[in-house]
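Some notes on the structure that comes next.
Predicted, not measured: the structure shown is a model, and the values here were computed from it.
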Amino acid sequence: MFALVDCNNFYVSCERVFNPALRGRPVVVLSNNDGCFIARSEEAKAIGLAMGAPAFKNRELLKRHKVVVYSANFPLYGDMSSRVMTTLADLAPDLEIYSIDEAFLDMSGFQRYDLDHYARFIRKTVTQHTGIPVCIGIAPTKTLAKVANRLAKKNPCYAGVCLLNTDKEQRAALAITQVEDIWGIGRQWSKFLHTQNIHTALDLAEASLGLIRKHLHITGARVQAELNGKSCLSLEMVRPAKQSICTSRSFGRSVTTFDELHQAVSTFTGKCAIKLRKEGSAASLLTLFICTSPFNAPEKKYWGTRTVTMPHHTQDSIVLIRTAGALLESLFRAGYEYKKAGVIVSRLIPAASSTATLPLFPQEFPVPDDRQKKLMTVMDSINQRYGSGSIQIAAENSAGWKPHQKLLSPRYTTAWKELIEVRTLQ
DNA sequence: TCTGGGGTCCTAGGACCC
DNA sequence: TCTGGGGTCCTAGGACCC
């Protein structure tokens, strides 16, 4: 049996922990650059604020209902998430952290207990330890646990826990779940399924395997099997090493000059390099993209992207920033209003591995010596000790393109200085 | 004025090998 | 008139997730 523990309206709940006056009020959290809604309290959902909708198009509704609006505070949410996960790890031997607000727990050893009762205990403990409310779905497969979790969330009569134990209970749950609400079935596939007269999860479970295999491929067939109680997706307790790392941002205003764009691109590349070193990986491919707003008129649109292979696998900020700078020179077109840029490093290998490809012409691309590696280690330890950004490459600068974050809450749990500011204010 | 960010997996098709 | 069979590797694009 799998239990899926999912935090309710996670980002909003994080804000509420430190500001209890927000309980019972409509609250939303915005995406980076204060763009779209990425979390909504139940009250905000009831008003009709849609997930992913742009805030500026809902200004009237926000004002009329006195909705409390926050900029995204990822350091806070990340820290609260690890508190929730630490609590869960004490309550079940094996867990998979699936996302910032979700974890799968292996319940197979708990069959002799009353699972429903134990799930309620987990729920109570998480709220007691962290202040975050969660819902729990339990079933024999991960996909069914997702279905159960959704029911627990939607239907107050479950009081936060839904256990789908018997075949009969599972079928009944599938009958009241639409295909578009199944984990693994997105917009395109639900559209197709509806044309085939497959509307509910039960319809999908009973559909012809040939049809599913042909149009939804192996991935869809797996979903179908999971709905029928055949477990295809196992618990992944160790996160596999990343295959690519990306840092991208929309700008707070449009950027037109090469220099400002270069500062943004260097900053994103520097962040990728830090993420690479944290992951213990080195990259040999670097992709850069720069673009105007997708909402621009066609003649004002530009989308430029290019990938280069680097002579050595690297995790060195200086090498990567230099490479990205050269790419930018080839992609930059004057006369456009740039709104977003991003850097992706890929073809990753463990940094310590010996599988790195050696260059064909070593005299042209000399292997970096140890001093550069040491420099990066020193940079990272200074930033670790004095806070991120204390020391950086000179090309990094966010003055020109910095995203808007006008409604940011303090980083209550990760920055002493901001906690002290809160106390002073009160 | 204003519209997010960061990932994974799978398939088809092209290029190549003997 | 007629032109094999069996593979691998790589990439782009499309689907999905939170």
Out of B/dG4, B/dT3, B/dC10, which has the shortest distance to the side chain of A/I38?
B/dG4
Any chance you could list the contact pattern along nucleotides 12-18 of chain C? Use B for base contacts, S for sugar-phosphate-only contacts and - for none, protein heavy atoms under 4.0 Å, 5' to 3'.
---SSSS
Considering only side-chain heavy atoms of A/I245, which listed nucleotide, B/dG5, B/dG7, B/dT3, is closest?
B/dG7
What is the nucleic acid contact for A/R239, judged by heavy atoms within less than 4.0 Å: base, sugar-phosphate only, or nothing?
nothing
Nearest whole angstrom, please: distance from the P of B/dG4 to the NZ of A/K340.
7 Å
Working to the nearest 0.5 angstrom, can you tell me the gap between A/S254 OG and A/K300 NZ?
9.5 Å
Select one nucleotide: of B/dG6, B/dT3, B/dT11, the one nearest the side-chain heavy atoms of A/K339.
B/dT3
Considering only side-chain heavy atoms of A/S244, which listed nucleotide, B/dT8, B/dC10, B/dG4, is closest?
B/dT8
As a test of reading the structure: which of B/dC2, B/dT8, B/dG5 is closest to the side chain of A/Q243, going by heavy atoms?
B/dT8
Counting side-chain heavy atoms from CB outward, which of B/dG7, B/dG5, B/dT3 is closest to A/S248?
B/dG5
Donor-acceptor pair between A/R171 and A/N228 side chains, under 3.5 angstrom
yes
Examine B/dG6: is either OP1 or OP2 under 4.0 Å from a nitrogen or oxygen in the side chain of A/K275? Give yes or no.
yes
Verify whether one side chain among A/E396 and A/T267 offers a donor that lies under 3.5 Å from an acceptor in the other.
no
Quick check on C/dT11: is either OP1 or OP2 less than 4.0 Å from any side-chain nitrogen or oxygen of A/R347?
yes
May I ask you to check if A/K142 and A/F104 form a cation-pi contact, with NZ or CZ under 6.0 angstrom from the six-membered ring centre and within 45° of the axis?
yes
When the ring centroid of A/Y338 is compared with that of A/W303, is the distance short of 6.0 Å?
no
A/S31 side chain, from C-beta outward: closest of B/dC2, B/dG4, B/dT8
B/dG4
Measure CZ/A/R213 against C1'/B/dT11 and give the value in whole Å, please.
10 Å
If you assign each of A/T247 and A/F56 to its closest nucleotide in DNA chain B, which residue comes earlier from the 5' end?
A/F56
Please state how far atom CZ in A/R306 lies from atom P in C/dT11, giving the value in whole angstrom units.
15 Å
Side-chain N or O of A/R222 closer than 4.0 Å to phosphate OP1/OP2 of B/dC10:
yes
Residues two or more places apart in sequence or in another chain: which of them pass side-chain contact (heavy atoms from CB on, under 4.5 Å) with A/A50?
A/A53
In this structure, how many angstroms lie between the P atom of B/dT11 and the CD1 atom of A/I218, rounded?
7 Å
What class does the angle between the rings of A/F258 and A/H262 fall in, given that below 30° is parallel, 30 to 60° is tilted and above 60° is perpendicular?
parallel
What's the CG-P distance between A/L233 and B/dC10, to the nearest Å?
10 Å
